[in-house]
Amino acid sequence: MQTELIKKLNGGTALSRLSALEELIKIEKDKPVRRDNDANNHIHTIYSFSPYSPTKAAYMAYRAGLTSAGIMDHDSLSGVEEFKKACEILGLGSTCGVEVRCKYNKGFGKMNHPDQAECIYMAAHGIPKQNVKAFNEYLAPYRKKRNERDAKMCKLISDKFGKFGVTLDFEKDVLPLSEAKDGGSVTERHLLYALAVKLENKFNRTEKLIAFLENDLGLKVSDKIKGFLIDNKNEHFLYDLLGVLKADTAFFYIDADEEMPDAEEFVKKAKEFGAIPAYAYLGDVGDSVTGDKKAQKFEDDFLPELITAIKKSGFLACAYMPTRNTPAQLQRLGKLLKENGLFEISGEDVNSPRQKFACDALALPEYSHLIESTWALIGHEAISSEKGVEFGMFSEKTVSQTPDLCDRIKNYALIGRKTV
């Protein structure tokens, strides 16, 4: 019965998933070991790209021992209500946010986006409950424009793979893999997942697939991944194949344009909704700490100037992932953020079944402030939902009463911890 209930967390409707979770928690006897020095405010769900429904994502965070969890989908807040209810059932502190790509034409070139210059990934964290629907409606036209570009990129993928007998149709092959009908977004990962499905159908999990990837596409496949791709019992096969295909996106990637708001305009809009706008730090990649990034330069060469610029543009925070960067990178970033009075938010990007929900680095003393920040973020969201955005951590009223950011973090962390 327990196994069947776990399966139901990822199927059916939001209502049926939550119902299954309530049943599951009643019969589960082995409670997870709590990780009080851990947090994750950047968990993707099926409403952008992920193997997890909002309910299953919350459950996975719970089973990993986390005491709090945060939903962070691309261009969509459609999974927020389900996620928040799931966290409530599980006794988890929770936050909600949205990740977007924005135009940021300040002369920096490529910043934290691997494929496009003058464009940044940023997030709006801690959105009050009463504004989630309106914020999601604001994002709807951008999701629609993104779909139009997705369809064009499918054509480019078909142009390259057509000679091998593989084509992609956006309406038939890609859209059904998403939750677009219920307000979810469709990302480039959906396209690659659909392509992975086509390649499995053509080659199966055989050496022929490996030969095709290496010889016809010129992609590097490690011995470890080769083992995954020929394993008929591999539950994560399509995600593993997607990871290989993701190494070469230049041939189909079309620069985003109309689907992106201007960063400074988005910052203003996020603040209107009571959210905390944050730049998402990526950092140069040498030997990838997590093994899922190729060596590439991002914003480290001009980081001081960039942090100053985002502060001037009205950003209130910077989000980053401790396991994705080196201690030296994080020490430098932390110093710059403190100098500029920017709130630090932590979250491990989860959109694949091989990724961990827990972040071991957060147990280290040097990152303990990120735990306090997480509870402050939870407190901000909770009191803004209960009393209004004028009671948020960065409202004009709050800042005038408590100008020191460290003091505000302490105050709101106390509020956050009282929510569970």
Side-chain angles (χ1 to χ4, degrees), residues 44-50 72-79 97-105 108-124 135-162 166-199 217 238-239 241-243 245-266 269-270 280 282 296 298 349 351-352:
H44 295 297
T45 77
I46 56 174
Y47 285 92
S48 52
F49 185 84
S50 170
M72 180 60 66
D73 280 317
H74 289 272
D75 302 334
S76 176
L77 290 159
S78 300
V98 64
E99 184 173 12
V100 298
R101 288 178 295 191
C102 289
K103 300 173 185 175
Y104 197 60
N105 193 354
F108 291 112
K110 185 167 68 175
M111 289 162 280
N112 64 359
H113 193 298
D115 302 305
Q116 189 169 339
E118 312 299 348
C119 157
I120 59 171
Y121 279 110
M122 63 172 293
F135 204 156
N136 204 30
E137 289 173 352
Y138 160 78
L139 294 166
Y142 296 110
R143 292 195 293 270
K144 183 178 180 181
K145 285 295 181 182
R146 184 168 192 159
N147 287 355
E148 292 173 7
R149 188 175 68 94
D150 286 335
K152 294 176 183 177
M153 290 192 291
C154 277
K155 175 66 168 57
L156 293 178
I157 291 173
S158 295
D159 289 345
K160 177 170 180 173
F161 282 81
V166 174
T167 59
L168 275 192
D169 182 277
F170 180 70
E171 296 287 337
K172 294 179 181 178
D173 300 322
V174 179
L175 214 51
L177 298 174
S178 75
E179 298 297 313
K181 67 182 186 304
D182 293 321
S185 64
V186 185
T187 72
E188 285 89 346
R189 288 178 187 266
H190 283 98
L191 275 62
L192 293 175
Y193 190 93
L195 179 58
V197 170
K198 291 292 186 86
L199 293 179
L217 300 185
L238 292 171
Y239 288 91
L241 181 51
L242 183 159
L245 297 171
K246 189 172 175 285
D248 181 21
T249 59
F251 75 93
F252 73 86
Y253 185 83
I254 298 172
D255 279 357
D257 186 10
E258 292 181 296
E259 72 194 63
M260 296 194 301
D262 174 79
E264 292 180 340
E265 290 178 8
F266 184 79
K269 182 60 68 172
L282 184 57
Q296 204 168 355
F298 290 101
D349 190 351
N351 54 29
S352 165

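All of these numbers come straight from a predicted model, not from anything done at the bench.
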### Query
Does a sphere of radius 6.0 Å around NZ in Lys172 hold more than 12 heavy atoms from other residues, nucleotides or ligands, not counting ones at 6.0 Å or beyond?
no
### Message
I need the Glu99 CD to Met122 CE distance, nearest 0.5 Å.
### Response
10.5 Å
### Summary
When every non-hydrogen atom of Leu168 is compared with those of Lys198, the smallest separation belongs to CD2-CG, 4.1 Å
### Task
Taking Asn112 for its side chain and Ala280 for its backbone only, find out whether a donor-acceptor pair lies under 3.5 Å.
yes
### Query
Can you list the steps and then say if Leu191 with Ile157 is a side chain to side chain contact (heavy atoms under 4.5 Å, CB included)?
CA-CA 9 Å; Leu191 275 62; Ile157 291 173; 4.1 Å; yes
### Approximate separation, where rounding is to 0.5 Å, of Glu179 CD and Ser185 OG
10.5 Å
### Task
Using the test salt bridge (Lys or Arg N to Asp or Glu O under 4.0 Å), find all partners of Glu265 that sit at least two apart in sequence or belong to another chain.
none
### Task
Looking only at non-hydrogen atoms, find the nearest pair between Ser76 and Gly184 and report the distance.
OG-CA, 3.8 Å
### Message
Within the supplied structure, the quantity of interest is the number of heavy atoms (other residues, nucleotides, ligands) at a distance under 6.0 Å from Lys160 NZ; does it exceed 12?
### Response
yes
### Task
Look up atom CG in Leu241 and atom CG in Leu195, then write down how far apart they are to the nearest 0.5 Å.
7.5 Å
### Query
Would you say Glu118's side chain and Gly109's backbone share a donor-acceptor pair under 3.5 angstrom?
yes
### Task
Check the pair Tyr138, Leu77 against side chain to side chain contact (heavy atoms under 4.5 Å, CB included), reporting the backbone distance first and the verdict last.
CA-CA 10 Å; Tyr138 160 78; Leu77 290 159; over 6 Å; no
#### Entry: Separation of Ile254 CD1 from Asp115 CG (nearest 0.5 Å)
12.0 Å
### Query
So, do Ile120 and Phe266 sit near enough that their side-chain heavy atoms are less than 4.5 Å apart?
no
## Note on the structure
So CZ of Phe251 and CZ of Phe161: to nearest 0.5 Å the spacing works out to 4.5 Å
### Task
Indicate yes or no: at least one non-hydrogen side-chain atom of Phe298 is less than 4.5 angstrom from one of Pro114.
yes
### Task
Tell me, please, which residues at least two apart from Lys152 pass salt bridge (Lys or Arg N to Asp or Glu O under 4.0 Å).
none
### Task
Locate the shortest heavy-atom distance separating Thr167 from Gly162; write the atom from each residue and the value.
CG2-CA, 4.2 Å
### Task
Grab the two heavy atoms, one from Cys102 and one from Asp262, that are nearest each other, plus how far apart they are.
CB-C, 4.3 Å
### Query
Could you walk me through whether Phe49 and Leu242 pass the side chain to side chain contact (heavy atoms under 4.5 Å, CB included) check?
CA-CA 12 Å; Phe49 185 84; Leu242 183 159; 3.6 Å; yes
### Message
Taking the side chain as everything from C-beta on, heavy atoms only, tell me whether Arg149 gets closer than 4.5 Å to Glu188.
### Response
yes
### Query
Is there side-chain contact between Met260 and Tyr142, with heavy atoms separated by less than 4.5 Å?
no
## Note on the structure
Output for pair (Tyr253 OH, Met153 CE), nearest 0.5 Å, gives 7.0 Å
### Query
Is the backbone N or O of Val98 less than 3.5 Å from a side-chain atom of His74, with the two atoms forming a donor-acceptor pair by type?
no
### Message
If we ignore hydrogens and angles and just use 3.5 Å, is the side chain of Asp75 paired with the main-chain N or O of Arg143 as donor and acceptor?
### Response
no
#### Entry: Nearest heavy-atom neighbours spanning Val186 and Leu175
CG2-CD1, 3.9 Å
#### Entry: Asp182 versus Tyr47, closest heavy-atom pair with distance
O-CE2, 3.8 Å
### Partners meeting side-chain hydrogen bond (donor to acceptor under 3.5 Å, both in side chains) with Thr187 (sequence neighbours left out)
His190
